[in-house]
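Given the structure is predicted, the values throughout are model-derived calculations rather than measurements.
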Amino acid sequence: KKISGLSCSESVGSLALSLDWNERGGACESSSQVAVSMSDGSVCLVEVLPTGDLKMQRSWVAHELEAWIVGWDCHNRHLLYSGADDGILKGWDT
């Protein structure tokens, strides 16, 4: 049963390639964030509400080619890293 859904990219045919929660193994606050890397090179941040609903927080073009991976820093829940076919690893202060 589908609980909620949203589109992370305005590019037609763009695929979600990777996602990571910022609350890995920790106690969840009132809401959590999921980072999603997209095949059009963008990264988006999605808020997961306690109800299970998804709310887009923001999206940006992170790479010129497919963004294959995204991951939160395990020591700082505000730092996010992404890697792509452009051969660049980027860090983001969210």
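- With sequence neighbours left out, the side chain to side chain contact (heavy atoms under 4.5 Å, CB included) criterion links Leu89 to Tyr81.
- In this structure a side-chain-to-backbone donor-acceptor pair under 3.5 Å is missing from Asp85 to Glu66.
- Once rounded to the nearest 0.5 Å, the distance linking OG1 of Thr94 with CZ of Arg58 reads 6.0 Å.
- Through chains of ILVMFWY side-chain contacts below 4.5 Å, Leu15 is grouped with Leu17, Trp68.
- When the side chain to side chain donor-acceptor pair (under 3.5 Å) test is applied to Gln57, the partners found at least two apart in sequence or on another chain are Gln33.
- Scanning for side chain to side chain contact (heavy atoms under 4.5 Å, CB included) contacts around Leu54 gives Ser4, Leu6, Val46, Val48, with sequence neighbours left out.
- Shown here are the side chain to side chain donor-acceptor pair (under 3.5 Å) partners of Ser82, two or more places apart in sequence or in another chain: His63, Trp92.
- Val43 places a side-chain heavy atom less than 4.5 Å from the side chain of Leu80.
- Checked against side chain to side chain contact (heavy atoms under 4.5 Å, CB included), Ser59 has the following partners two or more places apart in sequence or in another chain: Ser42, Cys44, Met56.
- Between Asp40 atom CG and Glu64 atom CD the span is 13.0 Å, to the nearest 0.5 Å.
- Between the side chain of Ser39 and the backbone N or O of Ser14 there is no donor-acceptor pair closer than 3.5 Å.
- Every residue two or more places apart in sequence or in another chain was checked for a side chain to side chain contact (heavy atoms under 4.5 Å, CB included) with Ser7, and none qualifies.
- Here the side chain of Lys90 pairs a donor or acceptor atom with the backbone of Ala62 at under 3.5 angstrom.
- No side-chain heavy atom of Glu47 sits under 4.5 Å from any side-chain heavy atom of Leu45.
- Tracing side-chain contacts under 4.5 Å through hydrophobic residues (I, L, V, M, F, W, Y), one reaches Trp60 starting from Trp72; they form part of the same cluster.
- For the atom pair CG (Asp20) and CG (Asp73), the distance works out to 10.5 Å, reported to the nearest 0.5 Å.
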